[in-house]
Amino acid sequence: MEYNFRIIEKKWQEHWKAIGAYKVSNESNKPKYYVLDMFPYPSGAGLHVGHPLGYIASDIYSRFKRLKGFNVLHPMGYDAFGLPAEQYAIEHGVHPATSTAQNIANFRKQLDNIGFSYDWDREVRTCEPGYYKWTQWIFLQLFNSYFDRLTLKAESLTLLINEFEQIGNGKHECPGDPTIKFSAAQWNAFSEKAQQDILMQYRLAFCGIGEVNWCDALGTVLANDEVVNGVSERGGHPVVKKKLRQWYLRITEYADRLLSGLETIEFSDAMKEMQTNWIGKSYGAEIAFSVVHGPSTIEHGLTVYTTRPDTIFGVDFMVVAPEHELISQITTDEQKTAVDEYISYVKSRSDRERQAEKKISGCFTGAYAVNPFNGRQIPIWISEYVLAGYGTGAIMGVPCGDERDHKFAQQFNISITNIIGNFYNGVDANPTKEAKLTNSDFLDGVVMRDAIGIVNEKLVEMRIGKKKVNYKMRDAAFSRQRYWGEPFPIIWKDGIAYPLNENELPLLLPEVESYGPGPEGEGPLANLKDWIEAPLVNLQDWQGAPLSINRKGPAVSQTGMRETNTMPGYAGSSWYFLRYMDPHNSSTFCDRKVSDYWNQVDLYIGGTEHAVGHLLYSRMWTKALYDLGHIGFDEPFRKLLNQGMIQGSSRFVHRMTFPVSVDTLVASVVSKGENVDTKKTIFISDGIFNDIKNLSPFDQIQTLKKAEPVLDISNYSTTFFTTLHVDVNIVDGLELDVEAFKKWKNGEYADAEFILENDKYICCSEVEKMSKSKFNTVNPDELVNKFGADTFRMYEMFLGPVDQSKPWDTKGIEGVHRFLKKLWRLFFDEMKGQVWNEGKANDAELKILHRAIKKIEEDTERFSFNTAVSTFMICVNELADLKCNKREILEPLLIMLTPYAPHIAEELFQQISATPLFAEQRGAGGESSVLDASFPVFEEKYTIESSKEYPVSINGKVRTNINIALDATPEQVQEIALSNAVIKKWVEGNPIKKFIFVKGKMINVVI
RNA sequence: GCCCUGGUGGUGGAAUUGGUAGACACGCAGGACUUAAAAUCCUGUGAUCAGCAACGGUCGUGCGGGUUCAAUUCCCGCCUGGGGCACCA
């Protein structure tokens, strides 16, 4: 019997599917374990070998936990709303639902090939009404809630309204606008519109005005990555900021809980640090400066935020964001032109470009701020590096203490006040807090750290400032001007947003004729006149929501306008882990009993690219649902494992082309692909290319003529080169398969000639992101077909640590395949037939097995799958060396292998169970599956060693090894070591300064 | 620019808590089996110096310093690859 993986894998996949081997019940007396993958966006390009890395890891861990006796939930689904499907629709006229369904079907086929243990009955798709009904429902929960800063949790807005009616908003500062203050009497007298406007400032999901990237030429809003250097990626049209009404999630209210929650979950330190930095909590002060512009003064007109109020006497200039509202007021006539020019320059630039800009830019407004402590006039500048959205959009520039301020001062020749004495060297800023202040009036001699509090007190006393906690994090923009997303269950009337009733959900995404934007840059839904106009019938007091329109009697035959934005991609992905628990429930998003059983995701696997987006949003949604009593835990993911990115290793060929007419053309003016002799294309091997690349085109030709006389290039006196991506799948290592290359791209290069080195065409290579356009993707299907799913799974794990990024290289896959074949031969040998037997295992064999059990269990538990695979190899190598074919050893080995290579494990497990002896142990027919076997138990007694081959070093350099009993005393060890001939030779009468002995590790003699 | 992360033989990587650097595998070279090939098996394989050989010596974990009996591991400074930076998912 030979190892026929194609037959075996197909057989077991069908069998497992038929018997529902991966079906998971919500009721079990086993302990639960929830393993989750970040679900994929089903792109049209299909899976490449990078996708399954995390899925294989989670599958191995799920199966491992199952063998360990857990009831394991391991679901999969699709993050199916998103921009690419919509763009495909715009370009090809295919409905996103259609292309998405096709892509999903393709993904599923590819996933099934690899043999995952997903319970597909629990699949979710975020774009399906049965799913997004509950996304809309959760949105309404957020819409009808506010964050209570006293109880630090989300509460129903009804509570707040009751309070407003009784006592006004004195107890609850308005998060959207802290200046809003009213009494109960005032509240009750407000119009409905005024009341609703105020409530909007409290809601967790709220409406406001935001800026988008607007491209007038394309008539649409663009994503950041569709904008390159201020112009659209497609077409290169100018892009400007445009203000639009937008929905937001008030995630900033959760900033502190998102921070403190990190202490309760197992994310890597790096991940926690990224989230912490993203939230960016800082303690500082707001200080109001009076502003002098021309003859006028604005008292306390400019408020800055600073984390270093202690440096107040070192302020040499102010910088305000180009969007700052004060600018139009304070700019002097002389500066007006310059300021206008500068602002229009900034308008075309993204936040990131503004911050990444190395060249300091800025513009003086002509106005001055007045230092409240010494009356000094400080010039007010505008610069792009100050962002409107952070702090107050204005900073005070302290060049001696801040690197960027220092550069700014140097750039614009602003004289620098030194307030830190020797700590400032005149060349670089020094952000220390330890210096004693100088040139600082009443703070002279005070250590900076202590001065912070003194200044803060003084600011309060003078009523010009206060301590302030600030967050870098902004409220999350929650609306998109797109089609392919969840519609908002909102109807607008007279500027008031009315939520739909629960029984009106889901609000279905309507069909559109065109996926283009609406007339004012809204989403495509804005074009649907009939759909937009919606009756406001049946408006009821929805879950206590404040619909005062309802209090004035039943609102019959009123109509409003539907919200035309849709929700962003992260809406559906913020809660999908809950839906997997109870995916078919039509009366609630997830039954509370079920979510209490499954509770948190125990292990979440996905890439670091979601470090701050998805992972923060889903944490916030979980907290809000917890606050409102819908679930019983407030962190979604107990443990997070980040998988590294698998990069593509691109291959390149060098193409030589020749100008049509050398007499009339100079090589340097020949542009790519034009005016060239298309009949003559020569590809030149990398080594030869490198030899000649620095020569002049003329010398290149001459050199090649000499070296390759058969090439007919004598007509040409010049040439030029292009380096092109070539499909990695027709390159073996670096050697190009020339014949395959000629057939590639439908024979585009069929007539090409080649300059080889050592009869080979050698490519050059580079590691890049894996992508179709770079021809560096490797399709798992082909590998699975060639080597089998088990080999593929183990090879992906064998590549390296799962959390590390690494370039893909198919080469080593043979080694893993050989390992499985070798394992197979422990059971069946083609020449001899069955070789496995019921012999009694000896000590050496048991030692091999139990060492493997220990290592594989530990490695799997700590996600070190690559070393686990190598332990399997070592174990099989050793057993083969001993010619051990005993079931007593092989069966536990198969069970351990199940998570990694389930098909071969099951096949061999069934083969050895088919004996009469074994069938009796298993029950009738021996039909139980290896999937439900028990992971073998490590027994130390088989692995105990009595002695150790100690490395003995002289001054840290290993000179010899000595075998010493493990129970030898340090004195005995020293005597043995020092009497060793090699050691004696090295010591050679020198006095022993120190003798270091670490039991079980090493010996070091210091002389 | 800011935040995070990685850098070890020809290649992917191992070394789990400061204790034998290079496990395991690929590749390569040589050999066995074979009419031949495939498959399989065996041997060697960090660099360098010395030698007929045996036993060896020196260097070596991106670069430069430091701590230590001992550093891939800890500390400081630098170089460099990758990811993220709020409308890609």
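Per chain, numbering begins at 1; letters A, B, ... match sequence-line order.
Separating the C1' atom of B/G9 from that of B/C24 is a span of 14 Å, rounded to the nearest Å. As rounded to the nearest Å, B/U45 and B/G64 have P atoms that lie 28 Å from one another. Between the P atoms of B/G83 and B/C26, the separation comes to 30 Å (whole Å). Here the separation of B/C69 from B/G81, taken at their C1' atoms, is 36 Å to the nearest Å. Using atom C1' as the reference point in both B/U73 and B/G7, the two lie 14 Å apart (nearest Å). Here, B/C75 and B/U80 have their P atoms 22 Å apart, quoted to the whole Å. B/G60 and B/U72: their C1' atoms are spaced 11 Å apart (whole Å). Taking the P atoms as reference points, B/U11 lies 13 Å from B/G46, given to the whole Å.
When each of A/K948 and A/P807 is assigned the nucleotide of RNA chain B bearing its nearest heavy atom, the one mapping closer to the 5' terminus is A/P807.
Where RNA chain B meets chain A (any atom under 4.0 Å from a heavy atom), the bounding nucleotides read 5' to 3' are B/G1 to B/A89.
Using a 4.0 Å heavy-atom criterion, one finds that A/V952 contacts no nucleic acid atom at all. No contact: A/S43 has no heavy atom under 4.0 Å from any strand. In this structure, A/K993 reaches neither bases nor backbone, as no heavy-atom distance under 4.0 Å exists between it and the strands shown. A/I813 comes within contact range of no nucleotide atom at all, as no heavy-atom separation falls under 4.0 Å. Nucleic acid contact class of A/E814 (heavy atoms, under 4.0 Å, all strands): none. Backbone-only contact: A/W986 has heavy atoms under 4.0 Å from sugar-phosphate atoms and none from a base. At the heavy-atom level, A/E403 lies nowhere under 4.0 Å from the strands shown. Among the protein residues, A/R862 comes within range of the nucleic acid bases, having at least one heavy atom under 4.0 Å from a base atom. Within the 4.0 angstrom heavy-atom criterion, only backbone atoms of the sugar-phosphate kind lie near A/A270; the bases stay farther away. As judged by a 4.0 angstrom heavy-atom cut-off over every strand, A/K272 is placed among residues making no nucleic acid contact. Within the 4.0 angstrom heavy-atom criterion, base atoms lie near A/N1004. The residue A/V958 sits close only to the backbone: its heavy atoms come under 4.0 Å of sugar-phosphate atoms, none of a base.
The CZ atom of A/F107 lies 4.5 Å from the OG atom of A/S43; values are rounded to the nearest 0.5 Å.
Between the side chain of A/N980 and the main chain of A/A977, no donor-acceptor pair closer than 3.5 Å is present.
Judged as a side-chain hydrogen bond (donor to acceptor under 3.5 Å, both in side chains), the pairs with a partner in residues 797-809 of chain A (not counting sequence neighbours) are, in order, A/W808-A/T810.
A/R245 pairs by the salt bridge (Lys or Arg N to Asp or Glu O under 4.0 Å) definition with A/E563, not counting sequence neighbours. A/R862 is linked by a side chain to side chain contact (heavy atoms under 4.5 Å, CB included) to A/K855, A/D859, A/S864, A/T867, counting only residues two or more places apart in sequence or in another chain. With sequence neighbours excluded, the residues satisfying side chain to side chain contact (heavy atoms under 4.5 Å, CB included) with A/H610 are A/M38, A/H614. By the side chain to side chain contact (heavy atoms under 4.5 Å, CB included) test, A/L259 is found to be paired with A/D256, A/T276, A/I279, A/K281, residues two or more places apart in sequence or in another chain being considered. The side chain to side chain contact (heavy atoms under 4.5 Å, CB included) test applied to A/A476 returns A/L249, A/I251, A/Y570, A/Y617, not counting sequence neighbours.
Applying the 90° cutoff around 0 to the glycosidic angle, B/G9 is assigned syn.
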Intra- and inter-strand pairing of RNA chain B, written as dot-bracket with Watson-Crick and G-U pairs under 3.5 Å and | for the latter, reads (((((((..(((......[....)))((((((.......))))))((((......))))..(((((..]....))))))))))))....
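The pair A/E323-A/R354 meets the salt-bridge criterion, with a side-chain N (NZ, NE, NH1 or NH2) lying under 4.0 Å from an Asp/Glu carboxylate O.
Relative ring orientation between A/F488 and A/W247 is described as parallel, the plane-to-plane angle staying below 30° on a 0-90° scale split at 30° and 60°.
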Can I get a per-line list of side-chain donor-acceptor pairs under 3.5 Å for residues 77-90 of chain A, giving both atom names and the distance, sequence neighbours left out?
unit_1	atom_1	unit_2	atom_2	d
A/E86	OE1	A/Y483	N	3.1
A/E86	OE1	A/W484	N	2.8
A/E86	OE2	A/Y483	N	2.9
A/Q87	NE2	A/E226	OE2	2.5

